Amino acid sequence: MNLLKKARYGEVRGVELLADHPEVRLVLFSLQAGQEVRGKGEPRVHLLCLEGEGTLWAGERSIPATPGTLLAAEPGEAHGAKAGEGTFLVLGIITPRP
């Protein structure tokens with residue numbers, strides 16, 4: 001599966017559930033300038049930037065993200081991603097599935 005080709009950018013952020021198994025849930029977030037996604041309460045979340053630039057955050061930590069940037073959120077910790085000036089493609093890896 002080519003995740004870059006699955007990106008769906010638009011006026012409303014794109015969210016696509018790629019896999020949903022007891023061990024893992026994979027969610028692809030396609031964000032445009034200023035769009036964001038927020039989460040909390042999941043067991044363990046890793047956010048991986050696949051394309052573009054933006055910010056990944058978990059709890060009090062916030063890091064600039066470019067392709068290849070990975071951020072881990074502790075179980076139950078608030079987390080999210082926000083697009084910078086252009087498009088921002090982020091893979092959310094949730095283990096185990098909530």
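All values reported here derive from a predicted model rather than from experimental measurement.
One finds the OH atom of Tyr9 at 10.0 Å from the CD atom of Gln35 (value rounded to the nearest 0.5 Å). To the nearest 0.5 angstrom, Phe29 atom CZ is 9.0 Å from Leu91 atom CG. Between the CG atom in Leu50 and the OG1 atom in Thr66 there is a gap of 11.5 Å [rounded to 0.5 Å]. One finds the CG atom of Leu31 at 9.5 Å from the OG1 atom of Thr87 (value rounded to the nearest 0.5 Å). A distance of 11.0 Å separates OG1 in Thr95 from CD in Glu42, rounded to the nearest 0.5 Å. Expressed to the nearest 0.5 Å, how far CZ of Arg61 lies from NE2 of His79 amounts to 11.5 Å.
Counting all heavy atoms, side chain and backbone alike, Ala81 lies closest to Val90 at CB-CG2, 4.1 Å. Between Pro96 and Pro22, the shortest heavy-atom distance links the atoms CB-O, 3.4 Å. Scanning both residues, Pro67 and Gly52, for their nearest heavy atoms gives CD-O, 3.3 Å. The two residues Ala65 and Cys49 come nearest to each other via the heavy atoms CB-CB, 4.1 Å. Across all their heavy atoms, Leu89 and Ala7 have their closest contact at CD1-CB, 3.8 Å. Taking every heavy atom of both residues into account, Ala58 and Ala73 meet most closely at CB-CB, 3.8 Å.
Residues Leu70 and Leu47 do not share a hydrophobic cluster, clusters being chains of Ile/Leu/Val/Met/Phe/Trp/Tyr side chains in contact below 4.5 Å. In the hydrophobic cluster analysis, where Ile, Leu, Val, Met, Phe, Trp and Tyr join through side-chain heavy atoms closer than 4.5 angstrom, Val37 is grouped together with Ile63.
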Inset, instruction - Please assess Gln32 against Arg13 for the test side-chain contact (heavy atoms from CB on, under 4.5 Å), listing each intermediate value before the final yes or no. - result: CA-CA 7 Å; Gln32 290 195 124; Arg13 70 177 185 237; over 6 Å; no
Inset, instruction - Test Phe88 against Leu56 for side-chain contact (heavy atoms from CB on, under 4.5 Å), laying out the working first. - result: CA-CA 11 Å; Phe88 190 41; Leu56 300 177; 3.9 Å; yes
Legend entry - Glu16 and Arg8: CA distance, side-chain angles, deciding distance, salt bridge (Lys or Arg N to Asp or Glu O under 4.0 Å) verdict: CA-CA 9 Å; Glu16 183 175 349; Arg8 299 291 178 259; 5.6 Å; no
Inset, instruction - Run the numbers on Arg44 and Glu74 for salt bridge (Lys or Arg N to Asp or Glu O under 4.0 Å), then give the verdict. - result: CA-CA 6 Å; Arg44 180 169 305 281; Glu74 295 299 321; 3.5 Å; yes
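The shortest distance between side-chain heavy atoms of Ile93 and Leu26 falls below 4.5 Å. Side-chain atoms of Thr69 and Leu71, non-hydrogen and from C-beta on, never get closer than 4.5 Å to each other.
Partners of Leu17 according to the side-chain contact (heavy atoms from CB on, under 4.5 Å) rule, which considers only residues two or more places apart in sequence or in another chain, are Asp20, Arg25, Val27.
Identified under the salt bridge (charged side-chain N to carboxylate O under 4.0 Å, His left out) test for residues 28-41, with sequence neighbours left out: Glu36-Arg38.
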